[in-house]
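As the structure is a computational prediction, the values presented were derived from the model and not from experiment. Below, read A as the first sequence line, B as the second, and so on, with proteins coming before strands; counting in each chain starts at 1.
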2 protein chains.
Amino acid sequence: MEVVELTKILSEKGLKVTPQRIAVMDALVTMRNHPNTESVIDFVRKNHPYIAVGTVYKTLETFVDKGILKKVKTDNDVTRYDYEMCKHHHIYCEECDIIEDYVDEELDKLLNEYFKKKRIPKFDIKELKLHIIGNYKNHKPT
Amino acid sequence: MEVVELTKILSEKGLKVTPQRIAVMDALVTMRNHPNTESVIDFVRKNHPYIAVGTVYKTLETFVDKGILKKVKTDNDVTRYDYEMCKHHHIYCEECDIIEDYVDEELDKLLNEYFKKKRIPKFDIKELKLHIIGNYKNHKPT
DNA sequence: ATTGCTGCAAACTCTTTGCAAGTTC
DNA sequence: GAACTTGCAAAGAGTTTGCAGCAAT
């Protein structure tokens with residue numbers, strides 16, 4: 001993504017635009033793999049070799065606070081991040097530990113209509129996220 | 001739950017029946033709150049004050065390996081455990097950090113039928129888990 | 001000039017591990 | 001008695017924090 005666009009994302013949220021933040025933003029937008037912090041650090045260091053680990057952690061946390069990123073957890077331990085361009089569900093491949101986006105407006109419509117009829121007592125639904133868990137047949141190379 | 005029943009669950013999985021394991025099993029079955037390890041330790045220590053932290057971790061991990069428990073992750077950090085008596089989805093209350101079971105066979109049917117028609121290329125679905133995220137209106141006391 | 005951000009290293013939290021002693025089957 | 005489990009304490013991984021110096025607005 002262009003630096004101009006990345007800059008826009010940051011300044012719209014009232015964040016100062018620094019090279020580190022641009023690099024981290026760029027990593028998330030480019031990778032699209034729901035990377036963990038370590039992968040982000042590796043990616044960023046290609047162009048920005050001396051960025052501090054703590055800075056990346058802080059930056060990612062800031063982005064989550066501002067709603068730019070979402071955290072994603074698997075049952076394996078580390079925190080992964082998701083730059084959510086549009087609403088989506090997640091496909092989890094158990095064997096290869098990949099998380100993929102699953103965009104399906106028809107499914108969203110189905111779910112929304114279902115819960116419009118069938119309410120959960122005293123509960124306001126903000127979001128419905130389906131976890132689709134299974135395995136890819138012919139394993140993608142990681 | 002009766003000790004006899006807890007014993008049965010353990011021995012059916014080929015695990016040796018020890019007081020520690022019974023205590024941990026009992027905690028999970030009784031609490032039903034998707035507790036984290038710390039809560040399990042607190043609960044177990046009421047009757048079993050000197051159980052070691054490492055033992056609880058190991059025990060929970062063993063139970064997960066044997067399929068007795070499932071791990072549950074929120075976007076806050078710690079691992080929580082779920083004794084899954086029957087297939088269910090989860091309701092996440094953002095304000096009070098509660099995870100509740102949501103059992104709904106009609107929903108399961110709807111989802112299964114949907115994905116019977118609309119397949120995901122090259123992917124075998126093992127499980128569909130809906131995360132229902134939102135807030136309880138009149139906050140339950142924790 | 002002000003406010004906010006970065007780098008660094010130390011500290012912290014949660015979890016895992018190795019092993020001797022003890023239990024269960 | 002063989003195989004497994006526990007307790008303990010130490011180590012490990014991932015993450016957070018405090019602060020002095022620096023950069024963005």
Practice task
Measure the distance from NE2 on His48(B) to C1' on dT23(C) and round it to the nearest whole Å.
Solution key: 12 Å
Exercise for the section: Return no unless some side-chain N or O of Thr37(B) is found under 4.0 Å from OP1 or OP2 of dT15(C). Expected result: yes
Practice task
Compute whether any side-chain donor of one residue and acceptor of the other, for Thr62(B) and Asp65(B), lie under 3.5 angstrom apart.
Solution key: no
Handout entry: Pair Lys71(A)-Glu61(A), salt bridge (charged side-chain N to carboxylate O under 4.0 Å, His left out): steps then yes or no
Key = CA-CA 9 Å; Lys71(A) 287 192 182 186; Glu61(A) 209 43 44; 3.6 Å; yes
Exercise for the section: Mind calculating the distance between CD1 (Ile41(B)) and C1' (dT6(D)) to the nearest angstrom? Expected result: 14 Å
Handout entry: Lys87(B) NZ: over 12 foreign heavy atoms closer than 6.0 Å
Key = yes
Problem - Along DNA chain C (nearest heavy atom to each residue), the more 5'-positioned of Pro19(B) and Val78(B) - result: Val78(B)
Exercise for the section: Assess whether one donor atom and one acceptor atom, taken from the side chain of Lys58(A) and the base of dG4(C), lie less than 3.5 Å apart. Expected result: no
Practice task
Look at Thr59(A) and dC5(C) and indicate whether a side-chain polar atom (N or O) is within less than 4.0 Å of OP1 or OP2.
Solution key: no
Practice task
Name the closest nucleotide to the Val53(A) side chain, picking from dT15(D), dC5(C), dG7(C).
Solution key: dT15(D)
Exercise for the section: Look at the side chain of Lys16(B) and the base of dA3(D), then say whether one donor and one acceptor between them are separated by less than 3.5 Å. Expected result: yes
Exercise for the section: Provide, to the nearest angstrom, the distance between the CG atom belonging to Asn36(A) and the P atom belonging to dT15(D). Expected result: 8 Å
Exercise for the section: Send over the distance from Leu10(A) CG to dT3(C) P, rounded to a whole Å. Expected result: 21 Å
Practice task
Indicate whether the side chain of Asp42(B) and that of Ser39(B) have a donor and an acceptor atom separated by less than 3.5 Å.
Solution key: no
Handout entry: Atom-to-atom span, CG of Leu60(B) to P of dC14(C) - whole angstrom
Key = 15 Å
Practice task
Indicate whether OP1 or OP2 belonging to dT16(D) is found under 4.0 Å from a side-chain N or O atom of Tyr57(A).
Solution key: no
Fill in the blank from the handout: The residue, Thr55(A) or Thr18(B), whose nearest nucleotide of DNA chain C is more 5′ is Thr55(A)
Fill in the blank from the handout: Leu15(B) CG to dC25(C) C1', in whole Å, measures 13 Å
Exercise for the section: May I have the distance from Ile51(A) (atom CD1) to dC22(D) (atom C1'), rounded to whole angstrom? Expected result: 15 Å
Practice task
Could you please spell out the steps behind the salt bridge (charged side-chain N to carboxylate O under 4.0 Å, His left out) verdict for Glu84(B) and Lys129(B)?
Solution key: CA-CA 13 Å; Glu84(B) 199 173 41; Lys129(B) 278 214 129 176; 3.4 Å; yes
Fill in the blank from the handout: Sorted by position of nearest nucleotide on DNA chain D, 5' first, the leading residue of Arg21(B) and Tyr50(B) is Arg21(B)
Practice task
Could you tell me whether the phosphate oxygens of dA23(D), OP1 or OP2, come under 4.0 Å of any side-chain nitrogen or oxygen in Gln20(A)?
Solution key: no
Exercise for the section: Could you tell me the separation between the NZ atom of Lys73(A) and the C1' atom of dC14(C), rounded to a whole number of Å? Expected result: 11 Å
